[in-house]
Structures are given as C-alpha cells and as structure tokens.
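Residue numbers start from 1 in every chain, and the chains themselves are labelled A, B, ... in the order their sequence lines are given, proteins ahead of strands.
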Amino acid sequence: MPAHSEHNISMNIINTLQNAVAQAVEQLYGGPCDPSKVMVNTTPSDFTGDYSVVVFPFVKISKKSPDATALEIGAILVQNVSEITAFNVVKGFLNVEISAAFWLNFLQETNANPDFGRQPRNGKKVMVEFSSPNTNKPLHMGHIRNILLGWSCSCILEAVGYDVVKTQIINDRGVAICKSMLSWKKFGDGQTPDSTGIKSDHFVGDWYVLFEQKIRAEYEAWQQSDTAKTLLETHLKPGLSEKDFFKDFKNKWFNEYAELGAEVREMLLKWEENDPETLTLWKKMNGWVYAGFDKTYTDLGVTFDHLYYESKTYLLGKDIVEDGLSKGVFYQKEDGSVWIDLTDAGLDHKVVLRADGTSVYITQDLGTARMRFQELGCEQFVYVVADEQNYHFQVLFEILRRLDEPYAEGLHHLSYGLVELPTGRMKTREGTVVDADDLIAEVVKLADDQSKERGEIEGISPTEKTENLRRVGMGALKFFIIKVNPKKRMIFNPEESVDLQGQTGPYIQYSFVRINGLMQRVEKENIDLSLAWQYNDLQPQEKDLLAALHDFPAIVAAAAKEYDPSMVANYCYTLAKSYHRFWHDLSIFNAENLETKAFRLTLSNTVGKVLQRGMGLLGIEMPGRM
RNA sequence: GGCUCCGUAGCUUAAUGGAUAGAGCACCUGACUACGGAUCAGGAGGUUAGAGGUUCGAGUCCUCUCGGAGUCACCA
C-alpha cells in the first residue's frame, strides 16, 4: 500500500484539482473562485501531462498574461497537492502530471470495489415508461430503439442511486386491434398461430395487414361509384387533383361510407359495451400478441416491473378535469367542452374534454400520471417516446404544472428521433417495416457466420457457443443503436445491416474476451498479483487506461443527468480502444519482470470489470469467447 | 404559414465555450515463428450548410439566409 493511503484517495482527482486551483486563485489574487467552474480536461496526447487546467478565466483577476498566471497557479499546486509531481505551461494551458503513487492506489481501490461507478441509494423513486406497443402488430425497429433507450436509461438511473420502476403502457384497445379482430373473424376461418405455425404476434399483425388491403380495395372500388363521382364534382377545387382529393377524403370516407369501417366501429362499440363475444375474441387475440411480445422481450433481455393497460386507463382523467375547472386552470365552452389556455407559455389552447363529455388522449395521460404517483409513489417520471410527440409532452407537463401536481417538476420526456429507412419512414400498411424478430435473428446469424470463418471457438460446448454468439449478435445490434445520441434521427439501412468491426459492440466484447483469456490463465497458473503495487514505471498506454477508468463514475453520472446512454456507449468504446492499443504495444504475460506482469494483469482485470459494467448499463452482455 | 428540432469527411458519427474538430466504415500502405488479427500503426479524405455578431477563444451562444424533419385534430 502506498505511503499516503490515509489521504482520501477515493475522491475524484478532478475535484481535487478544481478545489486546489480555486484555493490558489483566491490566495494569489484575492477574488472568489467557484471550484465547480474550474475547467479541468485530460491533456491531449501531444503534450506532456495528465490533466490540463484552463487558466484564461483567471486572467481578469490576476491582471497578468495567461502564461504568467498559469505559472503562478502551477507553482502553488505542485506545492499543495501531493498527487501532483510536475507541471508545465503551454499557450495558457496549465498541464499537471499526476504521481504514480496516486494511480497505483487508485487502481488498487478500484479493482477491489464491486460498486465502482455506482452511487449510494438516494431514496428517490423514478418511473421509466418505454416500449408501449400497440397490440395489433409485432414489434419493429422503432420499438427496439425505444426499448433499448428505456432499458439502458433505467439501468443508468439505478446506478446513480434511484429506485427505478420500469413500466410500459400497452395500447390494447381501440380501432387498430378491432381491425385485426374483425379481419380474423371475417376471413380467418378458425386459423390459429398453432395451426399455421406463425409466431403469434405476427399472426395477429397479418390480419391487420389484410384488413388494410381489403379496405384499400373497397375504397378504390367506391371511387368509381356514383356517390363518389357526385362528391368529387361538388367538392373538387381548382389546383386539387382527383387523387389528392381522395387522399384527403379517406378518413371521412372510412367513418361515413365504408362498409368495413362501419363494421369496425360497431365492433369497437360492442367492446365498449362489454359484449361477451367481442371481449372473448379480444382477449384471445391480445393473448396471442402478448405471447409473441414476451419472446421478443426475452430476446432483447428486458423486463418490466409494472404493466399498464390502456383498456383500464383510457377513461381516467375526468376527476382531473373537475379539479382543474374548480381551480380555474381549465375553462368550459358553451358547448360543454373543456379547454386550457396555454398561450402565455408559448403554446396553444388545448381541449381536455370533448363536448360530449368523453376524454381525449391527453386527458388519459393526465389521469395516468396522477394514478401512478398515488400508486407507485414516484416523484420522477421519464417517458421514452419518439420526438413526433414533443409538443404533446410540452403541453402535458405544462398542464400538470398548472394543476400543481406534486411530481410536476420531476417529469421528463426522453425524446428520440424516429428510425427511418433509406426509402423514408417505415409504414406497416405498406409493409416497409424492419421487423424486430427478423432483425434479431439476422444479426445473431451474422455473428455465427463470422465466427465460423474465424474458427476461434471450436471445441466448446454447443450451448456455450450458441450463448456466446447470441451475445455477440445482440451486442452488435444494441451497440449500433445505443451509440447514437437519442435525439438524432436514425437512418437504418437493412442492406448494410450491422457491423461487427470497428466502432461496434463486438469490438468492445473482444477486448473483454482477451482479458478473460488472461484471467483464466492467471487462475490456472495461480499467479500472485500482489506484486503489482511495487510497479513503478508507468507507461503512457497504462496511464491512458487509468485515466479512462477514473472517468467512469463521472460518465455514468453525466449520462444519468442527460438521460443519454450514448455517452456510456462511447465511453466503453474509448476504453476498449485504449486497451487494444495497450495490448498491442506492451507485453503482459511476457513482461520484463514480475511486478510489471502483476500490474498489467491487474490493470487488465479492472478494465474488464469496468467494460462489463459499462456495457451492462446498456443491456449488453459479455461473451467469454467469441 | 406559426412553433420546435436538426445540418460536422463519400457514408455513420464524437466533441460540459478551450490547444491542430476526434473516431468508425469504405479506399490505399504496413504490423506477430510472442498473451486470440472481430486487433494495431500509417496515408488520403473537413471553409463544422452559408453570412454576420458576442468572446482572449465558437461546431457549440445570438441574428439572418438556405436545406431537411416534426408538429400545429373534440386521432391516438
């Protein structure tokens, strides 16, 4: 154990530097200096030093040149901070070098700390809502992005101290599922997922697609009818083509003219009246969908703590409307509809209750929020929903604020960009969706093919091999999606699919596999690692790794604060990259002496653990071999 | 049209207002009789859409222009 181990070594070195700089500035120049405002970065590799302090902000108080200021601060730092061994100044940047003793001590503590990167429980409860599928069709690429974001965000929030409740609200009612139901009832001829061998959620989705085909055919036929022609003549405006007219007219037609449309509405009505036959059918088809979803969720490795069903929540929110009316937050129009005026918040007027007293989408969300608060006791809520609903959430949160809901300040919309294909948006009706199950199967097969080509993992048991390759495939897919900043729109090219080389999940997994190989040998040869702490010749590649390891807790904290898992993904990549370089440049098992060997093995071990933890936060598992 | 978001190398992308904008893919050239080559090193590729402004310092902040997306339902 290094001599100064009494020192609070677990304190972040960057905080130490910030405090010391602030103190030095106050001592030298008298002015107050907030330590948290002191900029400390890792020093770029072309300069000597480990960390760099930006001194430009201090020249106002020092009334000296940047270089002179840096020299003065540096002199004090090197005197006051035991971890600093030297400093230099380049163009107003103060570069400091950190002692080997600090790094050794840091490694020792980190390697022994199973909670490295985790923070103590903060006693706060946060709900994360994600996935939230419709039950009329299987999950697709867009859901995958949503699910991975929700899952990794949950893991990250958990790591920084929250008690996390993972939920989804399942949209199990409405016109869409009725379309599947009606279609199956009319044309299904008693077929089932079992009788056809089709995965059960896909089975239900197929009937939805069939319905859409039928309705399109009906519409096209109707357009030739006398009624349609008369309508066209009376409503066609100059500049509007016949085609555009019918495109715009489609909704109205569906609601007022279509035969299939009438049947769907009738079914929905029956459902709302609790018609036994309709409910039985509804339960049967939703049951099929859930069985299919379960399989996909299992493949993705996600679970939920609490499920909500729209069929049970869609009537909620009316009490809130009452409440808001009595508080004067809402106002009622003559026709009886209830509104809120949000124009002073840069938003618009928004209806919260229809004239006939039924609720709209946002009413339900208002009610659900309050119910969840009462039921789960969460003070924070994260909604993982695509950015096309940005405005909706602005309105929702603003209304909850005005209602003085106790959790109103803890609401967050984790908005992410839609996943699109090179040809544009995915459309179920046009069959241009990238199906989740297909994609999963494809990427696991890709990992399998690549593995065969390399032939590295012959000789392990088939089950172990399958599991490893599943992890590689899923790692590739998940990392591919999570590494991109959530708010960015994503274009997914199924042709090019997912890479396994370069900035990818498997690249990171591969560094773990290398380390895993080393550790197995350590165990087998019973190597004594305690000599590591006598090592005293730190190489740049080793310092890179140590500094990267040191960053981990701050990265997790920042990712939680920003609700941005891509920060963790990029961190893992950088760490793995440094490790590959370290591996290439330096000998580990064949190191010059036993201290060096023990140190490099311990360093490798710690890198492996942090990589595993970091990837774990993204829902990515590490293979033992690949 | 109003409001919101986005525009970084051929493509995918990184960069709490800080040093010469950092990676990956694709392309070219190299590297183990050594711990696993899904690796490593090097080359080429950028007026960060454009123009002003603030700042010691701007991809990042402000204004305008251009281009793209989303939204503006008593739909969900």
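You'll find that the side chain of A/Pro506 is closest to B/rA38, out of B/rU71, B/rA38, B/rC35. Among the nucleotides B/rG37, B/rG24, B/rA38, the one closest to the side chain of A/Met626 is B/rA38. Closest to the side chain of A/Leu500, from the set B/rA38, B/rC35, B/rC74, is B/rA38. If you check B/rU13, B/rG37, B/rC25 against the side chain of A/Trp583, the one that comes closest is B/rG37. Of the candidate nucleotides B/rA69, B/rC35, B/rA76, B/rA76 has the atom lying nearest to any side-chain atom of A/Val360. Distance from the side chain of A/Phe47 is smallest to B/rA19 among B/rG36, B/rG70, B/rA19. For A/Gln501, whose side chain is taken as the heavy atoms from C-beta onward, the closest listed nucleotide among B/rG36, B/rU39, B/rG18 is B/rU39. Here the nucleotide nearest the side chain of A/Asn570, chosen from B/rA14, B/rG36, B/rA19, is B/rA14.
Nucleic acid contact class of A/Val472 (heavy atoms, under 4.0 Å, all strands): base. Across all strands shown, A/Arg454 has heavy atoms under 4.0 Å from base atoms, whether or not it also approaches the sugar-phosphate. Here A/Pro623 lies out of heavy-atom contact (under 4.0 Å) with every strand. Looking at heavy-atom distances under 4.0 Å, A/Glu456 makes contact with a base. When heavy atoms are screened at a 4.0 angstrom cut-off, A/Ile588 is found touching base atoms of the nucleic acid. In this structure, A/Ile362 reaches neither bases nor backbone, as no heavy-atom distance under 4.0 Å exists between it and the strands shown. A/Thr504 comes within 4.0 angstrom of nothing in the nucleic acid, heavy atoms only. Across all strands shown, A/Thr358 has no heavy atoms under 4.0 Å from either base or sugar-phosphate atoms. Residue A/Gln509 is classed as having no contact, given no heavy-atom separation below 4.0 Å to the nucleic acid. Within 4.0 Å of A/Asn171, counting heavy atoms only, lies no atom of the nucleic acid at all. A/Val59 comes within contact range of no nucleotide atom at all, as no heavy-atom separation falls under 4.0 Å. Using a 4.0 Å heavy-atom cutoff across all strands shown, A/Asp335 reaches at least one base atom of the nucleic acid. Among the heavy atoms of the strands lying under 4.0 Å from A/Tyr573 are primed sugar atoms or P, OP1, OP2 only; no base atom is included. Counting any heavy atom pair closer than 4.0 Å across all strands shown, A/Arg173 reaches no nucleic acid atom.
Stacking of A/Phe56 onto the six-membered ring of B/rG57 is not present when judged by under 5.5 angstrom between centres and under 30° between planes. In this structure, A/Phe93 counts as stacked on the base of B/rA19 under the 5.5 Å centre distance and 30° plane angle limits.
One finds no salt bridge joining A/Glu442 and A/Lys445 here, because no Lys/Arg side-chain nitrogen approaches an Asp/Glu carboxylate oxygen to under 4.0 Å. Under 4.0 Å is where a charged nitrogen must lie from a carboxylate oxygen, and between A/Glu322 and A/Lys318 no such pair does. Look at A/Arg425 and A/Glu388 and you find a salt bridge, because one of the NZ, NE, NH1 or NH2 atoms lies within 4.0 Å of a carboxylate O, short of that distance. Here A/Glu562 does not pair with A/Lys487 in a salt bridge; the nearest charged N to carboxylate O distance is not below 4.0 Å.
The base of B/rA19 lies close enough to the side chain of A/Asn95 for a donor and an acceptor atom to sit less than 3.5 Å apart. Donor-acceptor pairing under 3.5 Å, judged by distance alone, is absent between the side chain of A/Ser566 and the base of B/rA14. Between the base of B/rC40 and the side chain of A/Asp585 there is no donor-acceptor pair shorter than 3.5 Å.
Rounding to the nearest 0.5 angstrom, the gap separating the CG atom in A/Leu418 from the CE atom in A/Met141 is 12.0 Å.
Taking for each of A/Asp46 and A/Ser451 the nucleotide of RNA chain B with the nearest heavy atom, the 5'-most of the two is the partner of A/Asp46. In terms of position along RNA chain B, the nucleotide closest to A/Gln503 lies nearer the 5' end than the nucleotide closest to the other residue of the pair A/Gln503 and A/Lys333.
Contact annotation: A/Arg354 reaches the phosphate of B/rC75 (side-chain N/O to OP1 or OP2, under 4.0 Å). Here A/Lys488 reaches the OP1 or OP2 of B/rA14: one of its side-chain N or O atoms lies under 4.0 Å away. Neither OP1 nor OP2 of B/rC35 sits under 4.0 Å from any side-chain N or O of A/Arg600.
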* To do: Please step through side-chain contact (heavy atoms from CB on, under 4.5 Å) for the pair A/Ser132 and A/Tyr383, ending with a clear verdict.
  => CA-CA 10 Å; A/Ser132 303; A/Tyr383 297 81; over 6 Å; no

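Atom-to-atom, CG of A/Leu594 to P of B/rC35 comes out at 19 Å; the value is rounded to the nearest Å. In this entry the distance linking CG of A/Asn468 with C1' of B/rA38 reads 14 Å, nearest Å.
For the 3.5 Å distance criterion, the side chains of A/Tyr51 and A/Glu97 fail to qualify, holding no donor opposite an acceptor. In this structure, a donor-acceptor pair under 3.5 Å is present between the side chains of A/Tyr535 and A/Glu542.
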